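Atoms considered below: every heavy atom in the structure, side chains included; atoms not considered: hydrogens, waters and symmetry mates. Every value quoted in this text rests on a predicted model; they were computed, and no experiment measured them.
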Amino acid sequence: MEFFCYHRDRPGSLPLREELVEAHWSYMDGYAKELIARGPTFAADGETPTGSVHIVDLPDPTAARAFAFDEPNYQAGAYRDVLLRRWRNLLGRTMWDFPGGRTDGNRYLVLGLGAGQAADLAVPADRDELIAYGPLLSDDGATWVGTAVLLRAPDPDAARAVLTVDRYAEVEVHDWEFGGRR
């Protein structure tokens, strides 16, 4: 089962995150085979972290909750909240398989939070710009609750346009980059 996990930073938590960077990376190293994508999001300045995205393939919701809530930054109080949802990998690949590589171009996390009937269940035509793409689902996987996308785009507006915006209660766009050890 695939899960989307977005830990959102608590304001002022950067010193704590910096202190725990090795503990965080070591924790994630333990999930290296299960990770589909990972990486931090940033404020508009492009430098201040605002959260941490992890898309992971785990046996069940209990394992996903353990993954999300045993994470060292979460345990230390660096995060203000966690969005944890079932997810379906419509691209069938990991971020390391992305044809655009780790660094070329601007990267974004686009979160469309659902409102009503499912939207954007088909992969957009320009899949070469997509790093990860799939629906957010209820715990049992039966109900669509949104869409999560990692992609390369020229700017936030172009990133937002990957979703049918009027089909969502809210669409968030965050600067994002490939995470992990370099």
Step by step, would you call Leu113 with Val171 a side-chain contact (heavy atoms from CB on, under 4.5 Å)?
CA-CA 6 Å; Leu113 304 177; Val171 175; over 6 Å; no
I want to check something: taking the side chain as every heavy atom from C-beta on, are Val53 and Trp176 in contact at a cut-off of under 4.5 Å?
yes
Once you measure the plane-to-plane angle for Phe67 and Tyr31, does it fall in the parallel (<30°), tilted (30-60°) or perpendicular (>60°) bin?
perpendicular
How many angstroms lie between CG in Leu111 and NE2 in His174, if you round to the nearest 0.5 Å?
5.5 Å
Mind jotting down which residue pairs meet the salt bridge (Lys or Arg N to Asp or Glu O under 4.0 Å) criterion with at least one end in residues 11-38? Sequence neighbours excluded, please.
Asp9-Arg17, Glu22-Arg181, Asp29-Arg181
Between CD1 on residue Ile36 and CH2 on residue Trp96, distance to nearest 0.5 Å:
9.0 Å
With a sphere of 6.0 Å drawn around CZ of Arg93, does it hold more than 12 non-hydrogen atoms of other residues, nucleotides or ligands?
yes
With a 4.5 Å heavy-atom cut-off, do Gln117 and Arg167 have their side chains touching?
yes
Check Glu129 with Arg107, please: is the shortest side-chain N to carboxylate O separation under 4.0 Å?
no
To the nearest 0.5 Å, how far apart are CG in Leu14 and CD in Glu47?
10.5 Å
Would you say that Glu2 contacts Val56 through its side chain, given a criterion of any heavy-atom pair below 4.5 Å between the two side chains?
no
Ignoring hydrogens, what is the shortest heavy-atom contact between Gly134 and Trp87? Give both atom names and the distance.
O-NE1, 3.1 Å
What is the distance from atom CZ of Arg65 to atom CG of Leu58, rounded to the nearest 0.5 Å?
11.5 Å
Fit a plane to each ring of Tyr74 and His7, take the angle between them on a 0 to 90° scale, and name the class: parallel (under 30°), tilted (30 to 60°) or perpendicular (over 60°).
tilted
Do you know which two heavy atoms are closest between Glu71 and Tyr79, and how far apart they sit?
OE1-CE1, 3.1 Å
Indicate the atoms forming the closest heavy-atom contact of Ala43 with Thr50, along with that distance.
N-CG2, 3.3 Å
Looking at Ile131, Val173, Val110, which hits side-chain contact (heavy atoms from CB on, under 4.5 Å) with Val149?
Val110
Interatomic distance, Arg152 atom CZ to Asp126 atom CG [nearest 0.5 angstrom]
9.0 Å
Any side-chain heavy atom of Phe3 sitting closer than 4.5 Å to one from Ile55?
no
Side chains of Leu151 and Val162: does their closest heavy-atom pair fall under 4.5 Å?
yes
Are Leu20 and Phe69 grouped together when hydrophobic residues (ILVMFWY) are joined by side-chain heavy atoms under 4.5 angstrom apart?
no
Run Thr41 and Tyr6 through side-chain contact (heavy atoms from CB on, under 4.5 Å) and show every step you take.
CA-CA 9 Å; Thr41 58; Tyr6 184 35; 2.8 Å; yes
Mind checking whether Leu83 and Asp81 have side chains closer than 4.5 Å, heavy atoms only?
no
Shortest non-hydrogen separation from Val123 to Tyr133 and the atoms involved:
CA-CE2, 4.1 Å
What one should report as the nearest heavy-atom pair of Pro15 and Gly12 is CD-O, 3.5 Å
From Asn73 atom CG to Leu16 atom CG, the distance as rounded to the nearest 0.5 Å:
6.5 Å
What ring pair (Phe, Tyr, Trp, His ring centres under 6.0 Å) pairs are there with at least one residue in residues 98-128, not counting sequence neighbours?
none
Is there side-chain contact between Ser52 and His24, with heavy atoms separated by less than 4.5 Å?
yes
Find out whether Arg85 and Leu137 are in side-chain contact, i.e. whether some heavy atom of one side chain is under 4.5 Å from a heavy atom of the other.
no
Would a hydrophobic clustering, with Ile, Leu, Val, Met, Phe, Trp and Tyr connected at side-chain separations under 4.5 Å, put Leu163 with Leu90?
yes
Is there a side-chain contact (heavy atoms from CB on, under 4.5 Å) between Thr94 and Leu35? Walk through the geometry before answering.
CA-CA 8 Å; Thr94 71; Leu35 284 166; over 6 Å; no
For Met1, does its backbone N or O pair with a side-chain atom of Asp57 as donor and acceptor, under 3.5 Å?
yes
Indicate the atoms forming the closest heavy-atom contact of Ala23 with Pro72, along with that distance.
O-CG, 3.6 Å
Answer yes or no: is there a donor N or O on one side and an acceptor on the other, between the side chain of Glu170 and the main chain of Gly112, under 3.5 Å?
no
side-chain hydrogen bond (donor to acceptor under 3.5 Å, both in side chains), that's the test. Do Tyr168 and Asp120 meet it? Break it down for me.
CA-CA 10 Å; Tyr168 295 87; Asp120 300 313; 2.7 Å; yes
Find out if a path of hydrophobic residues (ILVMFWY) with successive side-chain heavy-atom gaps under 4.5 Å connects Leu84 to Tyr27.
yes
Any donor-acceptor pair under 3.5 Å from Arg86 side chain to Asp139 backbone
yes
